[in-house]
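Comments concern the structure below.
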Amino acid sequence: MAEEKSLNFLEEIIEADIKSGKHTEIATRFPPEPNGYLHLGHAKSICLNFGLALKYGGKTNLRFDDTNPVTEETEYVESIKGDVQWLGFTWAQELYASDYFAQLYEFAVTLIQKGLAYVDDSTSEQMAAQKGTPTQPGTNSPYRNRSVQENLTLFADMKAGKYADGTKVLRAKIDMAHTNMLMRDPVIYRIKHAHHHRTGDTWCIYPMYDFAHGQSDSIEKITHSICTLEFVPHRELYDWCIENLAIYPSRQYEFARLNMTYTLMSKRKLLQLVTEKHVSGWDDPRMPTLSGVRRRGYTPEAIRDFCDRIGVAKRDNLIDISLLEFCVREHLNKISARRMVVFDPLKVTITNFPEGKTEILTSENLPDNHSDLREMPFGREIYIEREDFMEVPVKKYFRLSPGQMVRLKSAYIIKCDEFIKDAAGNIIELKCSYIPESRSGSDSSGINVKGVIHWVSADKAVPVEVRQYDRLFTVEDLSTVEDDFRNHLNPNSLQVVPAVFAEPEIVNAKAGQHFQFLRMGYFCLDRDSTSGKLIFNRTTTLRDMWAKEVKK
RNA sequence: UGUCCUAUGGUGUAAUGGUAACACAGCAGAUUUUGAUUCUGCUUUUCUAGGUUCGAAUCCUAGUAGGACAACCA
């Protein structure tokens, strides 16, 4: 039976609203500002907003909050749309706050007419001084009592471009002694002679967030306007505008934004990493951006699962990045074709295997599907992973060591007869013998070995580049660092291995395809690849109990 | 010395006045032709003090702790 899954606080509110008849269907919106790329924190918001509408039979608009022409660009609009689609959601309408500029202007005029807004000539410094502090009330601006008619004329002149940037603003007339700083006559319109990415030079005055967001919600009849906790103090102003304009009463609800260990979710700081070239770009696979994790090989399914598991609440949180890794491993395990790739090769000569002979073996692409096979060449000389041999094995080591046997995955059992060192004492080659009756799938040898290792044919292997990523920062909780966050970047967050040795099948890898390199991790083709040089990003490692055992 | 928000294992999230649970992480073990996957078991929790109540994680009061708020940013 469908077990009763507990509701988060927003679902409770919505169910109560539906039950009471306040709403018969709901409308939400995802309102990014097009001034940066979307990150995992946005994914939480996207999954929430679209998920709620999906669950309760409503719709979600994609609305760009583009009220500041100075920072916003079309490039960002395009990336945001692509990211939302990639995550798997479809918006009802693609809208822009700038679509409402004319309407918003009329709303401002209405406020002036009602004596609830005035044009202020104070400088920003003067206004800051008038503002007071959280513990001290502010003082009224000398321009606060201009007549309605004068305000109307001045505001029209602002719109007409008669004044320079910063010389005048329109402020709501509320209460300079209000305990909520945002209610102390907030600026609602400012002059910016700037080119807007959509409206061009039509406007030289632009509404502030607080005078655009709630009204946009109202125009679209958004029932539940969901935002992050830092907007809690704005709710009072949000409601004030709606009430005094007597427009559709959208309601704002706030949830705690996503924080994760060893990374950060600040668009401003992420932009800094990009512009200062600490990373290769917004889609650098180490970035927590959606374009970054996508390039890294994370799947939308995994991200949605992650957003589902982290839940929604109002308390500050710091999610362990290992939960994200768990989600991606869980999905990738099901869909990733297996390949054998040797990273740090040690040559093995199989002394009783005929010289010059190549035998074609098969192996499953997915562990449980024995009909979906690929072919692998096997020969007298192969490479195995250097760490799969130990001259003097530690306890519980069940790979190769002198005199010991191991299974070559999907091939034969081999026994180490001899190892060869160079003058410096490094092991450079193993001489092994194979058990012909132990061939995978038709093993009649009766030998049971515990160790199974991956391998590639030495002369048929294809060299490819591998990029291994680690956490971007070395500290768990970036919010606690006192100094500059850039001081805590992990210098080893990217390790490039220019040539690892892959089984020949790898040349058929396609963009967007996910692989598990056996025992090494999950990988995907990077877009920097060329036909002559394939490059793979390590999405994440496999869980490694042996590594933990060794540590002890 | 203001207003607002929040407080449940290591990390998250449930429990909606009636036996504090689930996931991740951690630790053991079983299985395994990936030391993967899968499976089993275990450790660990209601900020403090009062109050209401037969009964409080839940309601009330106070305290404590953390966070937000003084951009012509969103």
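Quick note on labels: first sequence line is chain A, next is B, and so on, each numbered from 1. Values below: all heavy atoms of this structure, side chains included; hydrogens, waters and symmetry mates excluded.
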### Summary
Its contact letters, B for base, S for sugar-phosphate only and - for none at protein heavy atoms under 4.0 Å, make nucleotides 63-74 of chain B read ----SSSB-BSB
### Task
For the residue pair A:R339 and A:N365, confirm or rule out a side-chain donor-acceptor distance under 3.5 Å.
yes
### Query
Quick check: are there more than 12 heavy atoms from other residues, nucleotides or ligands sitting under 6.0 Å from CD of A:E437?
yes
### Task
For B:A7 versus B:C39, give the span between their C1' atoms, rounded off to a whole number of Å.
37 Å
### Task
Could you tell me which residues satisfy side-chain hydrogen bond (donor to acceptor under 3.5 Å, both in side chains) with A:T299, sequence neighbours excluded, listed by chain and number?
A:H331
### Message
So that I know where these two stand, are A:Y522 and A:H514 an aromatic pair - ring centroids less than 6.0 Å apart?
### Response
no
### Query
Is the closest side-chain donor-acceptor distance between A:E549 and A:Y397 under 3.5 Å?
no
### With A:K395 via salt bridge (Lys or Arg N to Asp or Glu O under 4.0 Å) - residues at least two apart
none
### Query
Between CG of A:L361 and CG of A:L373, what distance do you get to the nearest 0.5 Å?
11.5 Å
### Message
Using the P atom as the point on both nucleotides, what is the distance between B:C42 and B:U48, in whole Å?
### Response
27 Å
### Query
With a non-hydrogen cut-off below 4.0 angstrom, is A:V312 in contact with a base, only sugar-phosphate, or nothing?
sugar-phosphate
### Task
Check A:C227, A:S225, A:P31 against A:D217 for a side chain to side chain contact (heavy atoms under 4.5 Å, CB included) and give me the one that passes.
A:S225
### Task
Considering only atom P, compute the distance from B:A28 to B:U37 and round it to an integer number of Å.
16 Å
### Summary
To the nearest angstrom, the CG-C1' distance between A:D477 and B:G10 comes to 14 Å
### Task
Using the ring of A:Y206 (Phe, Tyr or Trp, six-membered ring only), decide whether A:K192 places NZ or CZ under 6.0 Å from its centre and within 45 degrees of its axis.
no
### Task
Could you name each residue pair satisfying salt bridge (Lys or Arg N to Asp or Glu O under 4.0 Å) that touches residues 407-416 of chain A, not counting sequence neighbours?
A:R407-A:D443
### Separation of the P atoms in B:A23 and B:A56, to the nearest angstrom
29 Å
## Note on the structure
A:R519 meets the side-chain hydrogen bond (donor to acceptor under 3.5 Å, both in side chains) criterion, sequence neighbours left out, with A:D388, A:H454
### Task
For nucleotides B:A49 and B:U43, find the distance between their P atoms and express it as a whole number of Å.
26 Å
#### Entry: Sequence-distant partners of A:R543, salt bridge (Lys or Arg N to Asp or Glu O under 4.0 Å), two or more places apart
none
### Query
When the aromatic ring centroids of A:F517 and A:F536 are compared, is their separation below 6.0 Å?
yes
### Summary
Here the residues of residues 136-144 of chain A within 4.0 Å heavy-atom distance, strictly under, of RNA chain B are none
### Query
Expressed in angstrom and rounded to an integer, what is the separation of A:L323 atom CG from B:G10 atom P?
18 Å
Filtered N/O pairs between nucleotides 7-9 of chain B and protein, under 3.5 Å:
residue	atom	partner	partner atom	Å
B:U8	O4	A:R315	NH2	3.4

### Task
Scan for salt bridge (Lys or Arg N to Asp or Glu O under 4.0 Å) pairs involving residues 160-170 of chain A, sequence neighbours excluded, and state none if there are none.
A:D121-A:K168, A:D157-A:K162
### Task
Please determine, by modelled atom types, if A:E503 and A:S363 share a side-chain donor-acceptor pair under 3.5 angstrom.
no
### Query
Would the A:F378 and A:Y412 ring centres measure less than 6.0 Å apart?
yes
#### Entry: Secondary-structure notation, RNA chain B, from Watson-Crick and G-U pairs under 3.5 angstrom (| other strand)
.((((((..((((....[..)))).(((((.......)))))....(((((..]....))))))))))).....
### Summary
Between CZ of A:R235 and P of B:C4 the distance, given in whole Å, is 11 Å
### Task
Can you tell me, in whole Å, how much space there is between the C1' of B:G18 and that of B:U53?
12 Å
### Query
Given atom CD of A:E325 and atom P of B:G12, what is their separation to the nearest angstrom?
17 Å
### Message
Distance check needed: B:U13 C1' versus A:L48 CG, whole Å only.
### Response
14 Å
### Query
Going 5' to 3' along nucleotides 35-44 of chain B, which nucleotides have protein heavy atoms under 4.0 Å from the base (write B), which only from the sugar-phosphate (write S), and which from neither (write -)?
BSS-------
### Message
Is it the case that the ring center of A:F515 lies less than 6.0 angstrom away from the ring center of A:F523?
### Response
no
### Task
Using heavy atoms and a sub-4.0 Å distance, could you list which residues of residues 302-310 of chain A are near RNA chain B? By number, please.
A:R309, A:I310
### Query
CZ of A:F255 versus C1' of B:G12: gap in Å, rounded?
15 Å
### Pairwise P distance, B:A62 and B:U3 [rounded to whole Å]
11 Å
### Task
Could you tell me whether the side chains of A:N369 and A:S371 share a donor-acceptor contact shorter than 3.5 Å?
yes
### Message
Centre-to-centre under 6.0 Å for A:H213 and A:Y209, is that the case here?
### Response
yes
#### Entry: CA sep, side-chain torsions, deciding dist, call: A:F155, A:Y189, ring-ring contact (aromatic ring centres under 6.0 Å, His included)
CA-CA 9 Å; A:F155 189 50; A:Y189 258 95; 5.3 Å; yes
### Task
Could you give the distance separating B:U44 and B:A21 at their C1' atoms, to the nearest angstrom?
14 Å
### Message
Nearest whole Å is fine: how far is B:G10 P from A:D320 CG?
### Response
14 Å
### Message
If you assign each of A:L518 and A:A256 to its closest nucleotide in RNA chain B, which residue comes earlier from the 5' end?
### Response
A:A256
#### Entry: Euclidean distance, atom CD1 of residue A:I384 to atom C1' of B:U34 [Å, nearest integer]
15 Å
